[in-house]
Amino acid sequence: MMDLLVKDGRVYTGGRLLNTDIWIKNGRIAALGGYNRAAERIDASGMIIIPGAIDMHVHFREPGYTHKEDWESGSISAAAGGVTTVVDQPNTDPPVTDAESYREKLNLAKRKSVVDFCLNGGPGDVESLLREGASAIGEIFMYEMSDERLTRILGAVERLGALATVHAEDGEVIRRYSEPLSEIRDPDVHSRARPPIAEVSAIDHALSVSRYRIHICHISTADGLELVRKRKEERVSCEVTPHHLFLSRRDYRRLGAFLKTNPPLRNPGDCDALWDGLRRGDIDVIASDHAPHLPEEKRDDIWHAPPGVPGVETMLPLMLYAVKSNMITLDRAVDALSARPASILGLRSKGEIAVGKDADLVIFDPKRQERIDVQRLHSRADWTPYEGKKAIFPVMTLVRGSVVFDGDVEVSPGYGRNIETRMDPRLEHSD
């Protein structure tokens with residue numbers, strides 16, 4: 001790999017923007033400033049350079065559902081949106097619940113991904129999954145799980161010193177609220193059938209059962225956030241999705257069952273509370289929960305349409321426009337999209353622009369805002385809930401010092417690497 005110099009950009013490093021150059025050698029940042037002899041150069045004049053985003057929550061659908069997405073299309077979508085590392089979830093077909101299914105997905109990702117990646121393991125053979133290299137166990141769908149099984153799984157994760165990530169919705173609450181509403185077809189019924197108390201109850205239970213590291217996926221309510229905030233400590237983290245920030249129940253009138261997702265969309269007041277929590281740092285991470293389905297699937301009625309929306313390509317561009325609009329600071333956005341995910345997952349080479357780190361960079365023009373247009377996106381989902389919203393897309397995305405996207409894909413499938421997380425010593429010595 002040749003030396004590369006990224007010149008004359010404004011670089012976000014050490015919590016501030018600096019006018020400096022970035023010298024990249026062998027895929028890592030070798031120096032900031034003071035070097036101008038690299039064989040190749042990128043002119044970043046007028047641009048801002050930030051660390052690549054780490055999306056802790058994607059569903060790339062392979063194996064089993066490649067008509068919706070696969071590792072190649074999903075990772076290209078990520079690269080086009082400035083996401084340089086993704087963490088794929090285990091609910092594929094087969095689900096990733098043991099060493100064999102983990103290796104099957106790992107081989108697919110190694111052959112196809114253009115960005116770096118980690119794989120989560122499902123709530124199955126926890127020890128074998130962690131030995132294979134799973135970055136975490138989850139997302140654990142609490143509404144599908146008995147209390148006894150949840151306690152057993154979280155206990156195994158705790159014993160092995162790993163991270164559990166949970167989808168916090170209480171199945172009993174959902175069943176109780178859903179049954180009287182079963183004849184209603186108004187899309188808003190989905191939010192009514194999975195009320196805020198379902199999230200609050202599940203978060204409370206998860207935090208009571210787990211005595212070790214736990215990550216709450218896609219928090220969606222003011223009450224759920226308040227519960228996490230009151231009990232937040234070093235072992236507890238949480239994430240929020242763009243669709244729970246930018247969309248609310250009002251949007252069902254516009255897009256109907258296309259906006260069916262779990263947890264569901266909430267009231268505007270919940271969106272406001274989530275923005276406040278994100279700005280304060282009570283919410284650690286922004287993650288897309290990229291969950292693509294085809295338009296013909298989402299056109300079904302609200303009870304039968306599959307849950308989930310695409311979002312890996314639009315997450316960072318939406319947040320960059322939010323920075324421009326003074327909805328959030330660049331410091332907090334970069335922290336939530338890059339630094340904090342790297343810290344939670346133990347990705348020691350990722351998450352910041354600093355000497356010795358992987359040269360995962362997003363170069364963007366802060367003046368080049370545009371409206372999101374599905375025709376320019378790359379997911380097989382072929383639709384977006386953010387059509388027409390203003391965003392700032394990257395001019396260029398680099399992964400380990402190579403340009404992977406600059407309007408076109410610049411690397412071959414399989415460029416992406418599996419990134420190991422920091423292993424807990426208990427795993428190395430367990431029987």
Side-chain angles (χ1 to χ4, degrees), residues 1-2 4-7 9 11-12 22 24 27-29 40-55 58 60 62 69-88 109-117 242 288 290 292 310-321 334 337-338 341 350-351 353 357-366 368-382 384 386 391-417 419:
M1 183 179 291
M2 300 181 72
L4 175 67
L5 192 68
V6 182
K7 283 190 60 63
V11 179
Y12 183 86
I22 306 173
I24 299 167
R28 296 199 176 225
I29 297 169
E40 295 187 9
R41 300 186 179 201
I42 293 172
D43 182 3
S45 301
M47 306 290 180
I48 293 176
I49 307 170
I50 60 174
I54 299 170
D55 193 340
V58 304
F60 278 176
E62 189 173 18
E69 197 79 281
D70 68 6
W71 271 97
E72 184 174 349
S73 63
S75 64
I76 290 172
S77 191
V83 173
T84 53
T85 304
V86 296
V87 181
D88 191 63
K110 283 181 174 179
R111 292 206 313 267
K112 294 186 173 185
S113 185
V114 304
V115 299
D116 289 347
F117 59 88
S288 72
H290 175 75
V312 69
E313 188 167 347
T314 49
M315 176 178 68
L316 176 61
L318 285 167
M319 294 311 301
L320 290 179
Y321 187 76
V334 170
L337 288 162
S338 302
K350 306 289 188 182
I353 298 176
K357 299 286 186 177
D358 286 350
D360 297 345
L361 307 176
V362 171
I363 304 174
F364 69 94
D365 181 350
R368 198 181 82 172
Q369 66 184 52
E370 56 191 284
R371 293 192 182 272
I372 294 172
D373 178 358
V374 70
Q375 299 302 318
R376 299 181 61 187
L377 302 181
H378 298 81
S379 170
R380 286 189 179 171
D382 202 28
T384 173
Y386 309 110
I392 299 175
F393 281 86
V395 172
M396 188 177 291
T397 303
L398 288 78
V399 176
R400 285 177 284 105
S402 292
V403 177
V404 295
F405 194 89
D406 60 359
D408 292 303
V409 185
E410 298 294 344
V411 295
S412 299
Y415 174 77
R417 291 181 184 172
I419 305 299

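One-based numbering along the sequence shown.
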Non-hydrogen side-chain atoms of [X] and [Y] separated by less than 4.5 Å:
| X | Y | value |
| --- | --- | --- |
| Pro310 | Ser288 | no |
| Phe60 | Lys112 | no |
| Ile50 | Phe364 | yes |
| Ile372 | Leu318 | yes |
| Leu377 | Ser77 | no |
| Val403 | Leu4 | no |
| Val11 | Val6 | no |
| Val83 | Val58 | no |

Would the distance check show the side chain of [X] and the main-chain N or O of [Y] forming a donor-acceptor pair, the cut-off being under 3.5 Å?
| X | Y | result |
| --- | --- | --- |
| Ser402 | Val404 | no |
| His290 | Gly311 | yes |
| Asp360 | Gly52 | no |
| Arg400 | Asp116 | no |

Could you tell me which non-hydrogen atom of [X] sits nearest to which non-hydrogen atom of [Y], and how far apart they are?
| X | Y | result |
| --- | --- | --- |
| Ala79 | Val114 | CB-CG2, 4.3 Å |
| Ser338 | Pro51 | OG-O, 3.4 Å |
| Gly9 | Ile49 | CA-CD1, 4.2 Å |
| Val334 | Tyr12 | CG1-CE2, 3.7 Å |
| Val115 | Ser75 | CG1-O, 3.8 Å |
| Ala381 | Pro292 | CB-CB, 3.7 Å |

- [ ] Could you tell me which residues satisfy side chain to side chain contact (heavy atoms under 4.5 Å, CB included) with Val395, sequence neighbours excluded, listed by chain and number?
- [x]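 For Val395 the side chain to side chain contact (heavy atoms under 4.5 Å, CB included) partners, ignoring immediate neighbours, are Met47, Asp365, Arg368.
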- [ ] Applying side chain to side chain contact (heavy atoms under 4.5 Å, CB included), name anything that partners Arg371, two or more places apart in sequence or on another chain.
- [x]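 Testing Arg371 for side chain to side chain contact (heavy atoms under 4.5 Å, CB included), a comparison that skips the adjacent residues, returns Lys390.
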Salt bridge (charged side-chain N to carboxylate O under 4.0 Å, His left out) partners of [X], counting only residues at least two apart:
| X | answer |
| --- | --- |
| Lys357 | Glu352 |
| Arg417 | none |
| Asp358 | Arg28, Lys350 |
| Lys110 | none |

Nearest-0.5 Å distance, [atom1] of residue [X] to [atom2] of residue [Y]:
| X | Y | atom1 | atom2 | answer |
| --- | --- | --- | --- | --- |
| Arg380 | Ile76 | CZ | CD1 | 9.5 Å |
| Ile22 | Lys7 | CD1 | NZ | 11.5 Å |
| Glu62 | Asp88 | CD | CG | 9.5 Å |
| Leu316 | Ile54 | CG | CD1 | 12.0 Å |
| Gln369 | Leu320 | CD | CG | 12.0 Å |
| His378 | Phe405 | NE2 | CZ | 3.5 Å |

Check side chain to side chain donor-acceptor pair (under 3.5 Å) between [X] and all other residues, then give those that pass, not counting sequence neighbours.
| X | value |
| --- | --- |
| Ser73 | Glu69, Asp70 |
| Ser412 | none |
| Thr85 | none |
| Thr397 | none |

Task: Non-neighbouring partners of Phe117 that pass ring-ring contact (aromatic ring centres under 6.0 Å, His included), sequence neighbours left out - done: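 For Phe117, the residues satisfying ring-ring contact (aromatic ring centres under 6.0 Å, His included) (neighbours in sequence not counted) are Trp71.
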Task: Residues that Tyr386 engages under ring-ring contact (aromatic ring centres under 6.0 Å, His included), provided they are two or more places apart - done: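 For Tyr386, no residue satisfies ring-ring contact (aromatic ring centres under 6.0 Å, His included) once neighbours in sequence are set aside.
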Task: Over 12 foreign heavy atoms within 6.0 Å of CZ, Arg376 - done: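 It does not: Arg376 CZ has 12 such atoms or fewer within range.
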